[in-house]
Amino acid sequence: MTRAVYSSYNPKRVGWDVYVGTSEASPLFAGIVALADRVAGHRLGDIHQALYSLYAQSSRNPSTGIVDVKDGTNNSFAGVTGFTAVRGYDMATGVGTVDAARFVPALAMEG
């Protein structure tokens with residue numbers, strides 16, 4: 001997934017840029033965790049234990065908000081071999097992706 005983002009923080013480089021990979025995912029996920037902090041009423045801190053607890057429940061409980069990426073194309077680029085997503089393991093995250101509307105309250109409850 002690529003995302004067009006309008007940047008204006010640097011007055012010499014105002015305009016549209018394309019963000020992909022961790023440059024896109026990290027700030028998006030940080031925002032999702034910040035929303036969960038707000039719902040919980042406190043900072044959640046290190047979410048690893050809560051994340052993997054939710055992941056363990058996710059195959060039988062869609063309210064966790066963790067969504068297994070079951071298929072996908074090989075995302076090779078510029079000579080670097082990519083991967084094809086398969087059921088149960090996703091190279092980029094290890095757990096898939098999240099449905100933020102479900103994940104935020106579930107994470108807040110775990111934390």
Discussion item. Using side-chain heavy atoms (C-beta onward) and a distance below 4.5 Å, is T64 in contact with F103?
Written reply: no
I'd like to check Y6 versus D17 (side-chain heavy atoms, cut-off strictly below 4.5 Å). Are they in contact?
no
Smallest separation among heavy atoms of [X] and [Y], with atom names:
| X | Y | value |
| --- | --- | --- |
| V39 | A108 | CG1-CB, 3.6 Å |
| P105 | A100 | CD-O, 4.2 Å |
| A36 | L44 | CB-CD1, 3.7 Å |

In M109, E110, R102, the residue satisfying side-chain contact (heavy atoms from CB on, under 4.5 Å) with L54 is E110
Below 30° counts as parallel, above 60° as perpendicular, anything between as tilted: where do the rings of Y55 and Y52 land? perpendicular
OG (S59) and CD1 (I66) are apart, to the nearest 0.5 Å, by 10.5 Å
Next on the checklist: Donor-acceptor check, side chain of R13 to backbone of Y9, threshold 3.5 angstrom: yes or no?
Outcome noted: no
request  = Starting from the C-alpha separation in whole Å, work towards a yes-or-no answer on side-chain contact (heavy atoms from CB on, under 4.5 Å) for F29 and I47.
outcome  = CA-CA 12 Å; F29 194 71; I47 66 165; 3.8 Å; yes
Before giving the answer on side-chain contact (heavy atoms from CB on, under 4.5 Å), spell out for V67 and V98 the whole-Å C-alpha distance, their side-chain angles and the decisive distance to 0.1 Å. CA-CA 5 Å; V67 180; V98 297; over 6 Å; no
Residue pairs passing the side chain to side chain donor-acceptor pair (under 3.5 Å) test with at least one member in residues 27-45, sequence neighbours excluded, are none
